Engineer: 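Here's a structure for you.
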Amino acid sequence: MIGVIADPADHDVVREFFELFKTPWEFYRESQPYDVVICANGGQPDAAAKVVIVYAGRKTSFDNDGKSSVVSQPTPPVLLKYHGNRIPIYGDTVAFTDKADGLLTVEGSQHCGAYIERVGETSWARIGYDLFHEVRALLISGQPPGNAAIPTLDVHIEFLRNLIIGCGISFVEIPPVPQGFQFIACLTHDVDDPSIRQHRLDHTIVGFLFRVIVGSVIDAFLGRMSIRDAARNWLAAIKLPFVYVGLAKDFWRDFADRYVELENGLPSTFFVIPRKDYPGKCVDSRASALRAVRYEAKELTNTISGLKITGHEIGLHGIDAWIDANAAREELEEIRRLTRTSDTGVRMHWLYYNEHSPALLERAGATYDSTIGYNETVGYRAGTTQAYKPLKAERLMELPLHAMDTALFYLSYLALSPRKASARLRQLVDTVVQYGGCFTVNWHDRSLAPERLWGGCYRELIQDLEKRGAWFATASQATSWFRKRRSAAFETDSAQPNLVRIKIAGIHADDLPGLRLRINKAGELAWIAGHSSSAPVDVAVDETVDTNVLSEAGR
């Protein structure tokens, strides 16, 4: 059992952190015995513990008692090096200049950023930042694009896990990994332009013509596009007048059939826009006119019905739902009316969002949001592969968006070739295989058609996800699985301190995989550096399971 000492103002963050690091814990109670005590307010426990971990980005009484030489670090973010990873720290940071061979080192100065000492029967670890302030920053503000490739929150969890194991403590957790699979894959599609015929000579068509006529030549010359695809784009430009008069097929219109065929029975989620020719609002003004689209969801009634029949999900691609509760209710109700489904999730058009959006969406009745991500790059804006509950929400789940096609290919963003885009996506999948969680990708409705023709990269991604053991889920199914994991509760008995009982309440759906109970075996300090001589033990969890940590860890 972990006891946590933290400022009351941080208790909401502590609770959410331990939903992500799903292991037995409680707020510290005096005289209660604990294997591990985490001190995040500069204080120290009154009772003895096997391991005490002090997190603080400033000098504390612990440092004074130990006569440590503590030096504040430059303006954040500061990068700490750990096990081949870089951990950005966005708040205050201190280093310990008189300590050698630290658990963490400050990039640049190579000063010690964390160390451990043994005093009697207790291992004392001092970490030079405030863990829960870091978690708050990640869940509210997120990471700048320059650090997008780092799953910072997941690395914080990994470091704490390895620290506890390395100090000789065996413990259990429920990892974010579905039973029978390696991770979750969520395929999603923002529907922005379902028909080229709906556009006249607007900015969309001007951009289309430039990219198919000029851009295709440049891309073919630079090796970003095959000659065959360049020819397909030129042919589309020639056909465009015939599309407008109805003599040629609208090559954007059959997006749903193309995705159903390409995904070959895998579920995915389509986010559709409720209102056309309306760009929406910003905080203090009207949004750019370029944000307006030329269709509305009710025009796709037949398409929506067909997608639902084939096992796909329809969500709201919101316009003002992120900033206006009344608009959120109206937009959600339009999608519910078309889908005849009460549980509806959201992704905002152009990824508009602020820290108040979760509470607004929750009040409007959204079951989840999947907006947190980047327009200009790919990676981990919230620093995690996991779905989480935003701090200002009570039940709404956030399913982070990790990769978007336009970010990969647009010249104003990453401007990658298909080969390099596939390599970048494989790196992201490597991360979700390592940490568990869900990999959420967004491939737009027109991205399989001219002028984009990004279907080959998407097909390679799906094949890679299948090969690596993904459970493919709609956004609703993915968030439901995380809710199921959150519903699991640990029970301990003071008379049998090594026995942990797991109970799962609330969600028992046939289409959701089970949970795993992971028994982490006590190791040596080499664990902290990421080197293990023994692997953890996984046990399937159904309704209730009793586990003796010590006996299982000894196997």
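All of these numbers come straight from a predicted model, not from anything done at the bench.
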Engineer: Would one find more than 12 heavy atoms of other residues, nucleotides or ligands at under 6.0 Å from atom CZ of R340?
Structural biologist: no
Engineer: Return yes if a side-chain donor-acceptor contact under 3.5 Å exists between Y458 and E263, otherwise no.
Structural biologist: yes
Engineer: Pairing donors with acceptors under 3.5 angstrom, does anything connect the side chains of D320 and Y278?
Structural biologist: yes
Engineer: Work out which heavy atom in L20 is nearest to a heavy atom in Y388; give both atom names and the distance.
Structural biologist: CD2-CB, 4.0 Å
Engineer: Looking at side-chain heavy atoms only, is the closest gap between V441 and L461 below 4.5 Å?
Structural biologist: yes
Engineer: Mark yes or no for whether E134, through its side chain, and Y90, through its backbone, hold a donor-acceptor pair below 3.5 Å.
Structural biologist: yes
Engineer: Mind listing the side-chain donor-acceptor pairs of residues 415-429 below 3.5 Å, one per line with the distance, residues two or more places apart or on another chain?
Structural biologist:
residue	atom	partner	partner atom	Å
S417	OG	K420	N	3.2
S422	OG	P418	O	3.1
S422	OG	E460	OE1	3.1

Engineer: Please test D190 against H349 for side chain to side chain donor-acceptor pair (under 3.5 Å), starting from the C-alpha separation and ending with a verdict.
Structural biologist: CA-CA 8 Å; D190 290 355; H349 187 37; over 6 Å; no
Engineer: Testing the 3.5 Å rule here: is there a donor-acceptor pair between the side chains of S216 and D219?
Structural biologist: no
Engineer: Is it true that a side-chain atom of D154 and a backbone atom of Y435 form a donor plus acceptor pair closer than 3.5 Å?
Structural biologist: no
Engineer: Taking the six-membered ring for Trp, is the centroid-to-centroid distance between F271 and H189 below 6.0 Å?
Structural biologist: no
Engineer: Testing the 3.5 Å rule here: is there a donor-acceptor pair between the side chains of Q386 and R485?
Structural biologist: yes
Engineer: Do L351 and M404 have side chains that get closer than 4.5 Å, going by heavy atoms?
Structural biologist: yes
Engineer: Assess the side chains of T188 and R347: does a donor N or O sit below 3.5 Å from an acceptor N or O?
Structural biologist: yes
Engineer: Within a reach of under 6.0 Å around CG of D277, are more than 12 heavy atoms found that belong to other residues, nucleotides or ligands?
Structural biologist: yes
Engineer: Determine, stepwise, if the pair L139 / E16 fulfils side-chain contact (heavy atoms from CB on, under 4.5 Å).
Structural biologist: CA-CA 10 Å; L139 296 185; E16 187 57 29; 3.8 Å; yes
Engineer: Would a distance-only check, ignoring hydrogens and angles, find a side-chain to backbone donor-acceptor pair under 3.5 Å from D254 to D257?
Structural biologist: no
Engineer: Before you tell me yes or no, could you show the steps for N354 and S357 under side chain to side chain donor-acceptor pair (under 3.5 Å), namely the whole-Å CA-CA distance, both residues' side-chain angles and the distance that decides it to 0.1 Å?
Structural biologist: CA-CA 5 Å; N354 64 27; S357 298; 3.2 Å; yes
Engineer: Would a line drawn from the ring center of Y295 to the ring center of W252 be shorter than 6.0 Å?
Structural biologist: no
Engineer: Take atom CZ of R200 as the centre, draw a 6.0 Å sphere, and report whether it contains more than 12 heavy atoms from other residues, nucleotides or ligands.
Structural biologist: yes
Engineer: After noting the C-alpha distance and the side-chain angles of R136 and D12, does the key distance pass the salt bridge (Lys or Arg N to Asp or Glu O under 4.0 Å) rule?
Structural biologist: CA-CA 9 Å; R136 182 182 296 278; D12 58 339; 2.9 Å; yes
Engineer: Taking T474's backbone N and O only, do any of them form a donor-acceptor pair with H312's side chain (distance below 3.5 Å, no angle check)?
Structural biologist: no
Engineer: Are the side chain of N233 and the backbone of P450 linked by a donor-acceptor contact shorter than 3.5 Å?
Structural biologist: no
Engineer: Decide if atom CH2 of W350 counts as having more than 12 heavy atoms of other residues, nucleotides or ligands within a radius under 6.0 Å.
Structural biologist: yes
Engineer: Side chains of Q477 and E313 only: does a donor on one sit below 3.5 Å from an acceptor on the other?
Structural biologist: no
Engineer: Taking the side chain from Q182 and the backbone from V432, do they hold a donor-acceptor pair closer than 3.5 Å?
Structural biologist: no
Engineer: The test is salt bridge (Lys or Arg N to Asp or Glu O under 4.0 Å); show your working for R336 and E333 and say whether it passes.
Structural biologist: CA-CA 5 Å; R336 293 190 188 106; E333 184 54 39; 3.8 Å; yes
Engineer: Under 3.5 Å, is there a donor-acceptor pair linking the side chains of T367 and D343?
Structural biologist: no
Engineer: Is the side chain of E362 donor-acceptor paired with the backbone N or O of A393 at a distance under 3.5 Å, no angle test?
Structural biologist: no
Engineer: Using modelled atom types and a 3.5 Å cut-off, is there a donor and acceptor pairing between side-chain atoms of K239 and backbone atoms of K249?
Structural biologist: no
Engineer: State whether a side-chain donor-acceptor pair under 3.5 Å links S487 with K503.
Structural biologist: no
Engineer: Checking Y410 against R452: is there a side-chain donor and acceptor pair closer than 3.5 Å?
Structural biologist: yes
Engineer: Does the side chain of P274 come within less than 4.5 Å of L316's, by heavy atoms?
Structural biologist: yes
Engineer: Less than 4.5 Å apart, side chain to side chain, heavy atoms only: is that true for K298 and E334?
Structural biologist: yes
Engineer: Of all heavy-atom pairs between E299 and R253, which one has the smallest distance, and what is that distance?
Structural biologist: O-NH2, 3.8 Å
Engineer: Output yes when a side-chain donor or acceptor of T303 lies under 3.5 Å from a complementary backbone atom of T301, and no otherwise.
Structural biologist: no
Engineer: How about H317 and D192: does a side-chain donor come under 3.5 Å of a side-chain acceptor?
Structural biologist: yes
Engineer: Taking all atoms of both residues into account, what is the closest heavy-atom pair of C438 and C186, and its distance?
Structural biologist: SG-CB, 3.7 Å
Engineer: Is it the case that atom CD in E376 sees more than 12 heavy atoms from other parts of the structure closer than 6.0 Å?
Structural biologist: yes
Engineer: Which pair of heavy atoms, one from L360 and one from D324, lies closest together, and at what distance?
Structural biologist: CD1-N, 3.9 Å
Engineer: Are the aromatic ring centres of W471 and F183 under 6.0 angstrom apart?
Structural biologist: no
Engineer: On the six-membered ring of F439, is R468 placed so that its NZ or CZ lies under 6.0 angstrom from the centre and within 45° of the ring axis?
Structural biologist: no
Engineer: Should E398 and K389 be marked as a salt bridge (Lys or Arg N to Asp or Glu O under 4.0 Å) after you check the CA-CA gap, both sets of side-chain angles, and the distance that decides it?
Structural biologist: CA-CA 6 Å; E398 180 66 38; K389 184 177 72 65; over 6 Å; no
Engineer: Within a strict 4.5 Å, meaning less than it, do heavy atoms of the C282 and Y352 side chains meet?
Structural biologist: yes
Engineer: side-chain contact (heavy atoms from CB on, under 4.5 Å), that's the test. Do H402 and R381 meet it? Break it down for me.
Structural biologist: CA-CA 8 Å; H402 300 122; R381 184 171 176 180; over 6 Å; no
Engineer: Check the pair I273, E296 against side-chain contact (heavy atoms from CB on, under 4.5 Å), reporting the backbone distance first and the verdict last.
Structural biologist: CA-CA 6 Å; I273 288 178; E296 55 194 4; 5.9 Å; no
Engineer: Would L187 and W443 satisfy side-chain contact (heavy atoms from CB on, under 4.5 Å), going step by step from the backbone distance to the final call?
Structural biologist: CA-CA 8 Å; L187 309 175; W443 229 254; over 6 Å; no
Engineer: Compare all side-chain heavy atoms of N147 with those of T152 and state whether any distance is below 4.5 angstrom.
Structural biologist: no
Engineer: Check whether T310 reaches the backbone of G306 with its side chain - one donor and one acceptor, N or O, closer than 3.5 Å.
Structural biologist: yes
Engineer: Evaluate R275 against E331 for salt bridge (Lys or Arg N to Asp or Glu O under 4.0 Å), listing each step before the verdict.
Structural biologist: CA-CA 8 Å; R275 182 178 176 184; E331 292 178 9; over 6 Å; no
Engineer: Any non-hydrogen side-chain atom of F482 less than 4.5 Å from a side-chain atom of I184?
Structural biologist: yes
Engineer: Can you find a pair of side-chain heavy atoms, one from V378 and one from Y374, that are under 4.5 Å apart?
Structural biologist: no
